[in-house]
Amino acid sequence: ETGVTQTPRHLVMGMTNKKSLKCEQHLGHNAMYWYKQSAKKPLELMFVYNFKEQTENNSVPSRFSPECPNSSHLFLHLHTLQPEDSALYLCASSHGRQGASETQYFGPGTRLLVL
Amino acid sequence: GENVEQHPSTLSVQEGDSAVIKCTYSDSASNYFPWYKQELGKGPQLIIDIRSNVGEKKDQRIAVTLNKTAKHFSLHITETQPEDSAVYFCAPLASSASKIIFGSGTRLSIRP
């Protein structure tokens, strides 16, 4: 166990659905991240929250909407997704003091399939 | 921005032999060089890292070597075992960077 949990682990949704992915970290960290991992591409950073403030949005389409209500929880709200959004969505956390030069602690991911 | 290349993309070695994976980067300001291991059904986990003031670091069967002049660093796994089968990622980083760029990954398979 890494101290980062993600739910659900698997999700199938239609293009018109709205769903949310949840991430929780039990490590006392202050930075949280969403990554997308596709079969054909490297790990792609999507969003960064540092001390609950969004500090990075890596040109992610607006159909992905992050929410960070506190330092321990991170959500990714999904609506009107496309089949090409099917991927493994990974959440990670880090201490948040040194910026990006920090070890990332990853959750197990949510495997998303968009039909 | 940082350009990261990782080679090879796949590697198959006999159990007990050594494996080497190389990561090349472009940002000369990079000063943190981690390697992550991703097993099936799990997220990546840090296995070893090195900072730019050190040329080599070892932790039992794994080691990382850094060549800052040539802008590359390598992961070395000796006496490979079946549990080493996984995908390995590098993620070189400058302290001023706002985001992390991961390498494309190396799928390592250990043949019994």
Side-chain angles (χ1 to χ4, degrees), chain A residues 1-10 21 23-25 27 29 31-50 53-60 74 87-111, chain B residues 1-10 21 23-54 57 59 64 66 73 86-107:
Chain A
E1 289 297 326
T2 64
V4 181
T5 58
Q6 288 186 244
T7 54
R9 292 294 309 274
H10 301 272
L21 309 185
C23 176
E24 184 174 359
Q25 57 95 1
L27 301 169
H29 289 166
M32 296 188 77
Y33 310 76
W34 279 116
Y35 289 86
K36 178 183 179 182
Q37 188 173 37
S38 308
K40 307 279 184 178
K41 290 186 179 181
L43 268 167
E44 299 174 74
L45 181 67
M46 300 174 72
F47 301 103
V48 181
Y49 278 83
N50 223 320
E53 297 293 323
Q54 185 175 316
T55 56
E56 186 74 26
N57 177 337
N58 198 20
S59 303
V60 181
L74 185 65
L88 181 69
Y89 289 85
L90 289 159
C91 173
S93 70
S94 69
H95 287 290
R97 290 188 300 272
Q98 299 177 45
S101 295
E102 296 186 329
T103 300
Q104 304 277 291
Y105 293 79
F106 285 88
T110 295
R111 175 72 61 188
Chain B
E2 178 86 273
N3 282 327
V4 180
E5 291 190 7
Q6 197 175 321
H7 295 284
S9 56
T10 60
I21 304 169
C23 183
T24 305
Y25 60 94
S26 62
D27 187 353
S28 56
S30 293
N31 58 0
Y32 177 58
F33 307 95
W35 284 98
Y36 289 83
K37 174 184 181 183
Q38 186 174 22
E39 297 176 278
L40 200 61
K42 298 183 180 180
Q45 305 300 322
L46 179 78
I47 54 170
I48 195 166
D49 58 8
I50 195 170
R51 302 214 176 247
S52 58
N53 57 342
V54 179
K57 182 177 177 181
D59 182 4
V64 55
L66 172 64
F73 62 111
V87 181
Y88 292 82
F89 296 94
C90 63
L93 201 59
S95 53
S96 58
S98 60
K99 61 182 182 182
I100 300 169
I101 308 293
F102 282 82
S104 53
T106 297
R107 183 172 298 278

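Chain letters run A, B, ... following the sequence lines, proteins first and then strands; every chain starts at 1.
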Heavy-atom side-chain proximity of [X] to [Y] below 4.5 angstrom:
{"X": "A:Pro42", "Y": "B:Val4", "value": "no"}
{"X": "A:Gln37", "Y": "B:Phe89", "value": "yes"}
{"X": "A:Tyr35", "Y": "B:Ile100", "value": "yes"}
{"X": "A:Thr103", "Y": "B:Tyr32", "value": "yes"}
{"X": "B:Gln45", "Y": "A:Tyr105", "value": "no"}

| What distance separates A:Leu45 CG from B:Ile101 CD1, expressed to the nearest 0.5 Å? |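 With rounding to 0.5 Å, CG (A:Leu45) is 7.5 Å from CD1 (B:Ile101).
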| said: Rounded at 0.5 Å granularity, tell me how far OH in B:Tyr36 sits from CD in A:Gln104. | reply: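 Atom-to-atom, B:Tyr36:OH and A:Gln104:CD are 5.0 Å apart.
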| Who are the ring pair (Phe, Tyr, Trp, His ring centres under 6.0 Å) partners of A:Phe47, not counting sequence neighbours? |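 Listed in chain order: nothing, the list is empty.
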| task | Assess whether atom CD of A:Gln54 is packed by more than 12 heavy atoms of other residues, nucleotides or ligands within 6.0 Å. | result |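 Yes, because the 6.0 Å sphere around CD of A:Gln54 holds more than 12 heavy atoms from other groups.
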| query | Is a side-chain N or O of A:Arg9 found less than 3.5 angstrom from the main chain of B:Gly41, in a donor-acceptor match? | reply |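 It does hold such a pair.
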| said: Could you work out, with side chain to side chain contact (heavy atoms under 4.5 Å, CB included) as the rule, every residue matching A:Thr5, not counting sequence neighbours? | reply: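 In terms of side chain to side chain contact (heavy atoms under 4.5 Å, CB included), with neighbours along the sequence ignored, A:Thr5 is linked to A:Glu24, A:His26.
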| task | Give the minimum heavy-atom separation between A:Leu43 and B:Pro44, together with the two atoms involved. | result |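 Answer, listing the atom of A:Leu43 first, then B:Pro44: CD1-CG, 4.0 Å.
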| field | B:Gln38 versus chain A, the contacting section by heavy-atom distance below 4.5 Å | value |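 Contact with chain A: side chain only.
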